[in-house]
Visitor: 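Below is a structure I'd like to ask you about.
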Amino acid sequence: MAGEALRVADLPGRGRALLAAREILEGEVILSEPPIVLYPSSLASLPSYCSACFRSLPPPPHAPCPSCRAAAFCSPACASASHPRLVCAALSSGLAAAPEAHQEQLLFLLSAYSLQESSLRALLSLSSAPQGPSPSQQQDAASLHAMVSSLAPPHILPPGFSPDLTAALLSKDRTNSFSIMEPYRPDVPLELRKTRAYAMYLRASLLNHDCLPNACHFDYVDRPGPGNADIVVRALHGISEGKEVCISYFAANWRHADRQRRLLEDYGFQCECERCQIESKWKFDDDDDDNDGGDGDDTMEEEHAKEDVGDGVDEGMEQEEGSDDDGDDDFPHAFFFVRYMCDREDCYGMLAPLPPLANGDLSHVFECNACGQFKKEEDVDEPDAGDSSMAN
């Protein structure tokens, strides 16, 4: 039923969106989709991952690309599928000498320009940030276009190849790419986890952001078999028909100021959801000014705060003067963080229920989309009445 779960709609102020086409059960897979574009995060990753599917390469010997000899493949099937023809040509003509700061965008452009015409048109139909490129981004687009021209033989460049088309493609990449991260390892700190590859998905790109999402996405890049680069979107809880399905574009425990900054800079909008309206009344300790929003240890306090709140993970969250003792009005979404945020140290992923059983019963087992741990529902802590703490 996954293909019947969603429908596309235009929503005022939000653009194109995906709505529930029927009642959706918690844990249900509501979207599973292969990428239209899949490209490495850097040239340094080529020796470690299959250049077709980005699965970790097995021990050598590998099957190298017969043309560029720089790419390798994990299986005969991937060797047959090969990798984008412009990437292959560029690897043979000096791509390795390109400035490291430009490699990621060059790899995207070479991969996008390798698409069939119909797929390229579909890619260009995706949305872009409403404010358009900045002057520096326009300058970068011109430089990157010149680099593509110098690296790719003219006869394999697509019709319409131009600086304007290059700039348009870069604008799509900025707002629609999904990172495929290295699988979680407890001995690797969060800030050292690397992006293995980037992918763009036509339908998943229509998923809008919400600071309290009702769905989250998984990738299983190292799983065996075909489809390892597919994005899998599961419902966190039941979603009623007609409700918009949303994901979070970053870790859901980021503080308000960091969320707003990222959304404005990268996506061109300011979030006005219920959670943001509540948290906009809070302020942060000055000691946390250098925090980048991703460590989950921010100390939060509300304006005119006078008394502490409970023994939660975030000891610094305090109630506004004159608020009710139970704290529900100050942090009514505490339940979300306790139930759906992974509590493993240095993870900050989201816990989504496994899909319902074949007989329709709910699984009551949760899986983290970052570290992959499983937890039974009875092991997922739920906040006591009046507990307004945020779990990591």
Visitor: To the nearest 0.5 Å, tell me how far Leu115 CG sits from Glu117 CD.
Guide: 11.5 Å
Visitor: Tell me if the CD atom of Gln139 is crowded by more than 12 foreign heavy atoms within 6.0 Å.
Guide: no
Visitor: Please report the shortest heavy-atom distance between Ala229 and Leu38, naming the atom on each side.
Guide: CB-CD2, 3.8 Å
Visitor: Looking at CE of Met341 and OH of Tyr348, how far apart are the two atoms once the value is rounded to the nearest 0.5 Å?
Guide: 9.0 Å
Visitor: Say you draw a straight line from OG of Ser42 to NZ of Lys194; how long is it, rounded to the nearest 0.5 Å?
Guide: 8.0 Å
Visitor: Does the side chain of Glu274 reach to within under 4.5 Å of the side chain of Leu212, using non-hydrogen atoms?
Guide: no
Visitor: Between Arg196 and Asp222, does any side-chain N to carboxylate O distance fall below 4.0 Å?
Guide: yes
Visitor: Assess the residue pair Asp230 and Tyr220 against the criterion (side-chain contact (heavy atoms from CB on, under 4.5 Å)); give the C-alpha distance rounded to whole Å, side-chain angles, the decisive distance to 0.1 Å, and a yes or no.
Guide: CA-CA 8 Å; Asp230 292 3; Tyr220 301 99; over 6 Å; no
Visitor: Could you tell me whether the side chain of Ser125 and the main chain of Ala122 form a donor-acceptor pair under 3.5 Å?
Guide: yes
Visitor: Is any side-chain heavy atom of Asp173 closer than 4.5 Å to a side-chain heavy atom of Tyr39?
Guide: yes
Visitor: Under 4.5 Å between any side-chain heavy atoms of Leu124 and Leu169, yes or no?
Guide: yes
Visitor: Using every non-hydrogen atom in the two residues, find where Leu236 and Ala352 come nearest and quote the distance to one decimal.
Guide: CD2-CB, 3.7 Å
Visitor: Say whether, by atom type as modelled, one donor and one acceptor occur between the side chain of Asn228 and the main chain of Cys53 under 3.5 angstrom.
Guide: yes
Visitor: Can you name the nearest heavy-atom pair linking Ser51 to His83, along with the distance?
Guide: O-CB, 3.5 Å
Visitor: When hydrophobic residues are tied together by side-chain contacts of less than 4.5 Å, even through go-betweens, does Leu207 share a cluster with Ile36?
Guide: no
Visitor: Kindly give the heavy-atom pair with the smallest separation between Cys246 and Pro213, and that separation in Å.
Guide: O-CB, 3.5 Å
Visitor: Spell out, as yes or no, whether a donor-acceptor pair under 3.5 Å connects the side chain of Ser240 to the backbone of Lys243.
Guide: no
Visitor: Mind checking whether Leu202 and Val8 sit in one hydrophobic cluster, side chains of I, L, V, M, F, W, Y counted as touching below 4.5 Å?
Guide: no
Visitor: Quick one: does any side-chain atom of Arg193 pair with a main-chain N or O of Val188 as donor and acceptor, under 3.5 Å?
Guide: no
Visitor: Should the pair Arg339-Glu377 be classified as a salt bridge under the 4.0 Å nitrogen-to-oxygen rule?
Guide: yes
Visitor: Report yes if the distance between the aromatic ring centroids of Tyr267 and Tyr249 is under 6.0 Å, otherwise no.
Guide: yes
Visitor: Heavy-atom distance under 4.5 Å between the side chains of Arg259 and Cys211, does that happen here?
Guide: yes
Visitor: Is the backbone N or O of Leu110 less than 3.5 Å from a side-chain atom of Ser114, with the two atoms forming a donor-acceptor pair by type?
Guide: yes
Visitor: Any side-chain to backbone donor/acceptor pair from Gln260 onto Cys271? Under 3.5 Å, distance only.
Guide: yes
Visitor: Under 4.5 Å between side-chain heavy atoms, counting indirect links through other Ile/Leu/Val/Met/Phe/Trp/Tyr residues: same cluster for Leu120 and Leu157 or not?
Guide: yes
Visitor: Hey, what do you get for CD (Glu241) to CD1 (Ile24), rounding to the nearest 0.5 Å?
Guide: 9.5 Å
Visitor: Any side-chain heavy atom of Leu206 within less than 4.5 Å of one from Leu6?
Guide: no
Visitor: Do the side chain of Arg55 and the main chain of Gly225 share a donor and acceptor less than 3.5 angstrom apart?
Guide: yes
Visitor: Look only at the side chain of Ser248 and the backbone of Phe250, and say whether a donor-acceptor pair between them is shorter than 3.5 Å.
Guide: yes
Visitor: Do His237 and Asn214 come within less than 4.5 Å of each other through their side chains, counting heavy atoms only?
Guide: yes
Visitor: Counting N and O atoms only, with roles assigned by atom type, does the side chain of Ser41 sit under 3.5 Å from a partner on the main chain of Thr195, one being a donor and the other an acceptor?
Guide: yes
Visitor: Grab the two heavy atoms, one from Cys68 and one from Cys88, that are nearest each other, plus how far apart they are.
Guide: CB-O, 3.5 Å
Visitor: Should Tyr113 and Ile156 be regarded as members of a common hydrophobic cluster, given that ILVMFWY residues are connected when their side-chain heavy atoms come within less than 4.5 Å of each other, either directly or indirectly?
Guide: yes
Visitor: I'd like to know whether Tyr198 forms a ring pair (Phe, Tyr, Trp, His ring centres under 6.0 Å) with Phe108, so could you lay out the CA-CA distance, the side-chain angles of the two residues, the decisive distance to 0.1 Å, and finally the verdict.
Guide: CA-CA 8 Å; Tyr198 294 97; Phe108 162 69; 9.5 Å; no
Visitor: What do the steps show when you test Val148 against Thr166 for side-chain contact (heavy atoms from CB on, under 4.5 Å), and what is the final call?
Guide: CA-CA 9 Å; Val148 173; Thr166 295; 5.8 Å; no
Visitor: Do Pro58 and Cys74 come within less than 4.5 Å of each other through their side chains, counting heavy atoms only?
Guide: yes
Visitor: Apply the test side-chain contact (heavy atoms from CB on, under 4.5 Å) to residues Leu107 and Leu43: give CA-CA distance (whole Å), side-chain angles for both, the deciding distance (0.1 Å), then the verdict.
Guide: CA-CA 8 Å; Leu107 288 164; Leu43 292 176; 4.0 Å; yes
Visitor: Can you list the steps and then say if His256 with Trp282 is a side-chain contact (heavy atoms from CB on, under 4.5 Å)?
Guide: CA-CA 8 Å; His256 176 260; Trp282 298 348; over 6 Å; no
Visitor: Regarding His217 and Glu33, do their side chains bring together a donor and an acceptor under 3.5 Å, going by distance alone?
Guide: no
Visitor: Classify the ring geometry between Tyr340 and Phe366 as parallel (under 30°), tilted (30 to 60°) or perpendicular (over 60°).
Guide: tilted
Visitor: So, for Met200 and Leu123, which heavy atoms are closest and what is the spacing to 0.1 Å?
Guide: CE-CD1, 3.3 Å
Visitor: Out of curiosity, does Val245 fall in the hydrophobic cluster containing Phe269 (side-chain heavy atoms, cut-off under 4.5 Å, transitive links)?
Guide: yes
Visitor: Please confirm whether the backbone N or O of Ala17 pairs with a side-chain atom of Glu244, one donor and one acceptor, at under 3.5 Å?
Guide: no
Visitor: Does any part of the side chain of Phe178, heavy atoms only, come nearer than 4.5 Å to the side chain of Ile247, both counted from C-beta?
Guide: yes
Visitor: State the CG-CG distance between Asp346 and Asp187, to the nearest 0.5 angstrom.
Guide: 11.0 Å
Visitor: Atom CG of Leu106 and atom CG of Leu151: how far apart are they, to the nearest 0.5 Å?
Guide: 6.5 Å
